[in-house]
Amino acid sequence: MNQLQNQSSQLETWIILGATSSMARALARQLSMRGASLLLCGRDFDDLRSTAADCMARGAHDAQACAFDARDTNSFAAIIDRALTQEGMINCAVFVGSMPSQDAIDADPNLIHGTIQDNYTGPATFLQMLAPELEARGGGTIVGVGSVAGDRGRIGNYVYGSAKAGFATYLSGLRNRLTRAGGHVVTVKPGFVDTAMTWDVEGMFLVAAPEKVASDILNAVKKQKNVIYTPFFWRYIMLIIRNIPEFIFKKMSI
Amino acid sequence: MSWKTLETTGWGRAHTATGDVARPERATQLKRLLAAAMMPAFGMRRSYGDAPLNSAGPSLDMTRLDRVLSFDSTTGVVHVEAGLPIGDLGRMFAAKGWIPPVMPGTGFATIGGCIANDVHGKNHHVVGSFGQHVIEITLIQGDKSRKITLKSAPNLFKATVGGLGQTGVIASAKLQLAPCKGDLMVLTERRIDGLDDFFDAFDDSRSDYTVGWIDATAKGANLGRGVLEESEITSGINPGSGKPKSVPFNAPAWALSAPVVRIFNELYFRRVPASGRTSVKPITDPFFPLDTIHNWNRLYGKAGFNQFQCVVPLDATKCLRIMLERISASGLASPLAVLKKMGPGRGGYMSFPMEGYTLAVDFPNRSGAAYLIRDLTDLAKDAGGRIYFAKDGVAQAKQVEGMYPDQTAWQKAVAKADPDGALETDLVRRLELRSPPHTVTPATGGNV
Ligand SMILES: Cc1cc2nc3c(=O)[nH]c(=O)nc-3n(C[C@H](O)[C@H](O)[C@H](O)COP(=O)(O)OP(=O)(O)OC[C@H]3O[C@@H](n4cnc5c(N)ncnc54)[C@H](O)[C@@H]3O)c2cc1C
Ligand SMILES: NC(=O)c1ccc[n+]([C@@H]2O[C@H](COP(=O)([O-])OP(=O)(O)OC[C@H]3O[C@@H](n4cnc5c(N)ncnc54)[C@H](OP(=O)(O)O)[C@@H]3O)[C@@H](O)[C@H]2O)c1
């Protein structure tokens with residue numbers, strides 16, 4: 001059984017951006033159990049090293065911590081170079097993101113730049129650099145984590161939402177491009193997930209465990225889904241929210 | 001680091017506490033939080049009563065610090081963060097030929113919780129308690145992080161193992177895993193017709209893992225009847241586990257009423273053929289039989305339940321008989337009742353185990369249950385035994401006074417480690433565990 005598992009996934013490398021997120025940790029663990037190689041990328045090196053050790057104990061073929069800062073594009077090339085030393089398919093899952101409160105942004109509008117870099121332009125630049133390599137190898141999957149917040153601008157967090165919307169549009173274009181070369185892009189729109197980002201956020205409901213999001217992602221990768229909501233019912237919640245006429249929506253605060 | 005106001009409960013759900021909770025996901029966040037202010041930590045809150053609760057201040061949820069930090073496949077020494085569930089550790093390493101030498105009846109218990117309650121398993125008579133296999137503990141006290149071993153800091157180490165989290169927050173620990181033959185268990189079950197037969201069966205058992213299920217509703221000639229489970233680790237083809245099931249909502253009160261429990265227990269007893277039976281299971285199944293049904297605590301309904309667990313010396317068999325008589329007469333027992341013979345192994349000053357018989361029984365949180373548990377607590381104490389704090393929610397301070405012979409040594413180490421009492425939990429306060437005994441000061445001489 002183990003041997004079979006390893007054989008089928010021996011040639012699978014995953015770059016994980018924002019690997020300190022608990023959603024990313026859950027995904028890395030599930031990938032480890034099928035023997036994948038992992039490049040765990042982020043800013044907190046000590047923490048990444050702990051996750052790398054954990055992944056090795058859980059069966060990863062290889063797991064390394066890599067320095068990555070979404071706001072410093074100079075940090076990107078080294079990661080891609082490292083991935084290229086691995087044989088087989090290269091895949092990438094993007095969990096990077098930040099969500100300053102709307103109040104904080106109102107007080108200091110300059111926070112918008114960082115929010116957009118963390119959620120959109122940083123990862124998009126990285127993926128833009130990586131795309132030719134996937135094309136060259138004729139395959140590979142990109143998982144981009146956006147948010148239901150990107151489906152419609154709301155008073156509570158429209159800067160974060162707009163960054164996620166930009167990223168989602170980018171992913172849709174990238175999917176269009178990579179499909180031609182045998183690659184695939186999955187856009188992931190989580191609802192509320194029980195992570196560090198949301199621990200103190202009030203008014204959350206139907207909160208999902210990070211492990212649930214991770215298994216939904218792997219399922220979507222396997223089935224080559226394009227856009228998933230996780231947990232699935234958010235698709236219907238957002239369908240309703242997207243269809244509220246603007247003249248009503250603009251007076252609502254949800 | 002952010003805070004959330006939460007209402008927390010132990011596994012029995014009969015006690016609650018409301019307070020601010022932080023849940024660090026990284027070691028650096030944990031350090032930063034504790035440098036700012038010390039507070040008690042909890043794991044998966046699989047303790048039944050109020051051991052993991054703090055209604056007087058903030059607390060720390062350790063469950064996101066759950067990684068394996070290193071593993072040496074030649075020595076079997078593993079370094080893990082304190083929030084890792086022990087069942088995960090078991091599942092991860094059994095296929096590689098290593099197993100945690102001690103596992104409690106639930107795989108959800110975290111390593112921190114296993115240390116702080118110095119938990120025991122069905123093999124206690126063979127390998128002792130969990131703390132005896134802990135090589136090193138990384139303990140955080142304010143802005144200090146210390147690595148302690150039994151050798152380097154014997155008092156602090158023995159006050160931490162089984163120490164209910166009163167010496168500091170356990171960030172990580174190095175454990176010695178035991179080599180194991182495979183990832184399967186051969187389980188043999190056999191009916192036991194009464195209490196004396198149980199004592200004999202324990203004496204005769206040569207198994208590494210031995211535990212008895214008791215029908216706590218049985219009376220008269222059947223008193224103490226049950227099923228003896230003996231198991232051994234082996235290798236072979238894994239038959240696979242079933243998918244976990246879950247209890248989706250609180251059950252109504254009749255679900256565990258006396259007649260239902262009596263019928264259930266009768267069926268459970270008869271389930272094992274009179275001639276006994278043997279089966280092969282994945283390794284975690286016999287260790288964690290209840291874990292296959294998630295949230296089974298909801299079966300007790302909204303009011304929750306309490307567990308009574310005591311250990312009494314080997315010669316206190318009469319005391320056990322009286323306990324079982326009172327339990328069956330009360331009509332309050334649930335199907336969950338366990339009897340086991342313990343060895344002397346214990347790792348800390350306040351560790352529960354001692355050589356003798358341990359009896360554990362669940363009681364729905366109904367009128368009369370607390371009285372019964374207190375009554376049983378007195379019986380245990382009078383017999384020279386003690387109760388298990390991991391299970392307790394209703395005992396009174398004066399009842400447990402003097403139960404733990406090394407309590408004074410523990411109190412000394414704790415007073416040094418946490419002079420301000422920042423680590424006190426609801427249980428520690430209720431049982432006044434950190435206060436000196438209430439002895440009447442002898443009237444010698446005048447005031448000093
Ligand atoms: C179905 C079931 C079966 C069980 N079977 C057994 C058994 O066979 N044998 C046995 O011994 N026990 C058994 N138990 C009890 C259980 O193993 C213990 O209560 C264990 O301590 C639970 O671990 P936890 O992570 O949930 O800890 P919690 O209940 O959350 O906490 C327990 C104590 O540990 C402290 N603590 C937790 N983490 C830390 C940390 N990181 N640093 C400092 N202090 C900490 C808490 O303050 C508290 O005092 C069983 C429980 C259940 C629900
Ligand atoms: N939680 C939810 O309910 C929810 C819902 C929808 C979508 N999401 C999205 O899911 C993803 C994961 O979030 P999470 O909830 O797990 O929260 P999180 O723990 O805060 O994760 C965010 C991750 O992004 C990283 N990051 C932020 N800025 C960075 C930068 N400049 N450079 C490099 N890394 C950076 C963080 O790394 P550092 O360690 O370096 O800070 C962290 O790993 C995010 O994209 C988030 O927007 C979350």
Side-chain angles (χ1 to χ4, degrees), chain A residues 1-6 18-26 28-30 32-35 38 40 42-60 63 65 95 98-101 104 192-204 207 209-212 215, chain B residues 1-6 20-33 58 60-61 63-73 76-85 88-98 138 145 171-172 175 177 183 236-240 244 282 294:
Chain A
M1 176 80 178
N2 258 341
Q3 211 181 350
L4 261 183
Q5 268 173 356
N6 286 342
T20 48
S21 138
S22 48
M23 272 184 237
R25 187 190 292 182
R29 285 175 164 180
Q30 293 183 20
S32 299
M33 290 194 284
R34 57 187 218 200
L38 304 169
L40 304 165
R43 296 179 295 188
D44 185 341
F45 220 71
D46 281 344
D47 191 69
L48 294 169
R49 268 208 296 256
S50 298
T51 300
D54 183 67
C55 287
M56 289 307 287
R58 287 169 199 263
F95 290 90
S98 64
M99 187 178 69
S101 73
F192 293 138
V193 189
D194 186 13
T195 68
M197 191 180 266
T198 52
W199 177 248
D200 62 346
V201 174
E202 280 178 26
M204 300 232 302
V207 181
E211 291 74 20
K212 162 75 180 147
S215 44
Chain B
M1 189 69 214
S2 48
W3 296 89
K4 177 146 104 180
T5 309
L6 277 184
D20 286 348
V21 179
R23 187 184 60 187
E25 295 192 341
R26 312 176 190 190
T28 44
Q29 289 167 345
L30 175 70
K31 280 191 187 155
R32 221 178 306 133
L33 277 163
L60 271 183
D61 178 337
T63 54
R64 289 287 165 101
L65 294 164
D66 62 349
R67 287 166 294 188
V68 175
L69 299 174
S70 70
F71 173 62
D72 183 334
S73 58
V77 174
V78 67
H79 185 197
V80 294
E81 290 183 312
L84 180 72
D88 286 8
L89 193 64
R91 278 181 284 271
M92 248 185 275
F93 290 100
K96 298 182 185 168
W98 296 95
T138 303
S145 167
S172 67
L175 316 171
L177 299 182
D183 55 359
I237 309 243
N238 197 322
H294 290 166

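Chain letters run A, B, ... following the sequence lines, proteins first and then strands; every chain starts at 1. None of the values given here were measured: they were computed from a predicted structure.
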If I measure from the heavy atoms of chain B, does A:Arg49 come under 4.5 Å with its side chain, its backbone, both, or neither? neither
What's the verdict on side chain to side chain contact (heavy atoms under 4.5 Å, CB included) for A:Asp47 and B:Arg67, showing C-alpha distance, side-chain angles and the deciding distance? CA-CA 10 Å; A:Asp47 191 69; B:Arg67 287 166 294 188; 2.8 Å; yes
Atom group of B:Leu89 that falls short of 4.5 Å from chain A, counting heavy atoms: neither
NZ/B:Lys4 to OG1/A:Thr198 distance, rounded to the nearest 0.5 angstrom? 7.0 Å
Could you measure the distance from the CE atom of B:Met92 to the CG atom of A:Asp54? Nearest 0.5 Å is fine. 6.0 Å
Walk me through whether B:Asp66 and A:Arg29 qualify under side chain to side chain contact (heavy atoms under 4.5 Å, CB included). CA-CA 12 Å; B:Asp66 62 349; A:Arg29 285 175 164 180; 3.1 Å; yes
So, the part of B:Thr28 with a heavy atom under 4.5 Å from chain A: the answer is side chain
Non-hydrogen atoms of B:Leu69 and A:Ala53 that approach each other most closely: O-CB, 3.2 Å
Residue pair A:Thr20 / B:Arg26: nearest heavy atoms and the distance that separates them: OG1-NH2, 3.1 Å
Shorter than 4.5 Å, heavy atoms on both sides: which option in A:Asp46, A:Val201, A:Asp44 has the most such pairs with chain B? A:Asp44
Counting only heavy atoms closer than 4.5 Å, note whether B:Val21 contacts chain A via side chain, backbone, both or neither. both
Note: A:Arg58 and B:Leu84 closest approach over all heavy atoms is NH2-CD1, 3.7 Å
Out of A:Pro210, A:Cys55, A:Ala52, A:Ala57, return the one with the most heavy atom pairs under 4.5 angstrom to chain B. A:Ala57
From A:Arg25 CZ over to B:Arg64 CZ, what is the distance, rounded to the nearest 0.5 angstrom? 8.0 Å
Looking only at heavy atoms, the pair that brings A:Ala196 and B:Ser2 closest together is O-OG, 4.4 Å
Heavy-atom pair of closest approach, residues A:Met56 and B:Lys96: O-NZ, 4.3 Å
